[in-house]
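Predicted model only: the values in this text are computed from it and were never measured.
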Amino acid sequence: MNSPSAPVVARAPGRVNLIGEHTDYNGGLCLPFAIGLATIAAVRPRGDDQLRVTSREAVPGDPHWQEYVVGVLAELRRIGWEVPGLDIDLVSTLPLGGGLASSAALECAVATAIAGLLGVPLDGAGRRLLAEACRRAETEHVGAPTGGMDQLAAMLGSDGHALLIDFADPDSPVTAPVSFPVAEDGLVLLVTDTRVRHVLADGDGGYAQRRREYARGHPRRRRHVVTENARVRDAVDAIGARAWARLGALMTASHASLRDDYEVSVPQLDQVVDTGLEAGALGARMTGGGFGGCALTLVAADRAGVVREAVDAAYAERGWAPPRHHLVEPGPGAEVLRGIG
């Protein structure tokens, strides 16, 4: 092991899901990408077997956020890693509980830092191993019934690429990078944080309820998943052809399905989508688990400011707290920023 005189520092990104929502845990397709907003973990070994965690806004909008860290350590030990007692310091630029996978970023930042501490290489197989350990930390230890998309996006993301994930075999999802050159064609992706928060680990909440409804054969829930999988395939083709208007239309259709068939939207998300389209966006949709969180808008770079102002005005007119906006682009997955010499 490295010298304990200085911490290992690692970064793991949040993610935006371009299209393919509530499909990962239903054996379907999704198309996320890693973003610049991220969580950073500084990990230092202790001389005992205790765990001390401090955080500056790195928690995933959950009052039991420490369980995410404890779960990661437990899963790494379960696969045979000799994880010592640790001091872990966390900081994040992600909106917490905002639908950009702040919990997965937390888990993957901690796991990546521990890999750096123990000298475990982050090759392709190693990244997939960590993604699965982090998924298990969230599902088995925290109780959030997520499907694994977020952790794979955080670990396998790459500059300029989205990540196509096929969960037909949930134990061994198939992934493929998809070049996503929107910036080259003068377009941007605008994330709008509605400021409406959700907690996916709530076992009695809407997210878990939707999973149960799909498993029981609820017709509208099933219809959403079938049509959403088709939209993901069409979106990959549209991106390959740089048919951005077609991609935008698919995003908007995805939101309508999530709103009407899967019923996971809220008025603030609908308002961002409707206002963005009225202001000239090519397409818009909620992104993430829903019941709050963020919306994603595909818009020409020279119209992004117009969309932001229109959304802000619509919020003000309704007396809602002002939203927050972020321009995002596909970026790299988790990485060790600083090791110990």
Does a side-chain N-to-carboxylate-O contact under 4.0 Å join [X] and [Y]?
X	Y	value
D234	R246	yes
D87	R44	no
E75	R78	yes
R210	E213	yes
R197	D193	yes

With the side chain counted from C-beta on, respond yes when [X] and [Y] share a heavy-atom pair under 4.5 Å apart, and no when they do not.
X	Y	result
H326	L190	no
V178	L163	no
P170	Y25	no

- Task: Please collect all salt bridge (Lys or Arg N to Asp or Glu O under 4.0 Å) contacts where either partner lies in residues 286-307, sequence neighbours excluded, each pair once.
- Result: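 Qualifying pairs, neighbours excluded: none.
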
- Where at least one partner belongs to residues 308-337, residue pairs that pass salt bridge (Lys or Arg N to Asp or Glu O under 4.0 Å), sequence neighbours excluded: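 Qualifying pairs, neighbours excluded: R11-E335.
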
- Do the two ring centres, one from Y262 and one from H22, sit under 6.0 Å apart?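 For Y262 and H22, the ring centres are under 6.0 Å apart.
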
- Answer with yes or no whether the hydrophobic clustering places V266 together with L277; edges join I, L, V, M, F, W, Y residues whose side-chain heavy atoms lie under 4.5 Å apart.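 In one cluster with V266: L277, no.
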
- Verify the cluster assignment for L189 and V16: are they in a single hydrophobic cluster under the rule of side-chain heavy atoms below 4.5 Å apart?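 Linked, L189 and V16 end up in one cluster.
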
- Item | Interatomic distance, L164 atom CG to R233 atom CZ [nearest 0.5 angstrom] |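 The CZ atom of R233 is 9.5 Å from CG of L164, to the nearest 0.5 Å.
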
- Test S254 against every option in H224, R231, E228, E21 by the side-chain hydrogen bond (donor to acceptor under 3.5 Å, both in side chains) rule and name the one that passes.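 It is E228; the other options fail the test.
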
- Item | ring pair (Phe, Tyr, Trp, His ring centres under 6.0 Å) involving Y315 - partner list, sequence neighbours excluded |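 So Y315 forms a ring pair (Phe, Tyr, Trp, His ring centres under 6.0 Å) with W320.
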
- Listed partners of H255 passing ring pair (Phe, Tyr, Trp, His ring centres under 6.0 Å), at least two apart: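 Scan of H255 (ring pair (Phe, Tyr, Trp, His ring centres under 6.0 Å), adjacent residues dropped) gives none.
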
- Which of these, L94, L327, V191, sits in a side chain to side chain contact (heavy atoms under 4.5 Å, CB included) with I35?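 The option that passes is L94.
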
Is there a donor-acceptor pair closer than 3.5 Å between any side-chain N or O of [X] and the backbone N or O of [Y]?
X	Y	result
D261	S257	no
T287	N17	yes
T194	G292	no

- Query: Which residue pairs pass the side chain to side chain donor-acceptor pair (under 3.5 Å) test with at least one member in residues 162-189, sequence neighbours excluded?
  - Reply: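 Checked against side chain to side chain donor-acceptor pair (under 3.5 Å) - neighbours excluded - the pairs reaching residues 162-189 are R128-T175, E184-R242, D185-R242, D185-W244.
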
- Query: Taking the six-membered ring of Y214 as reference, does the NZ or CZ atom of R222 fall below 6.0 Å from its centre and within a 45° cone about the axis?
  - Reply: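 Ring-cation test returns yes.
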
Side-chain donor-acceptor distances from residues 105-117 under 3.5 Å, at least two apart:
unit_1: E107; atom_1: OE1; unit_2: Q151; atom_2: NE2; d: 3.1
unit_1: T112; atom_1: OG1; unit_2: C108; atom_2: O; d: 2.7

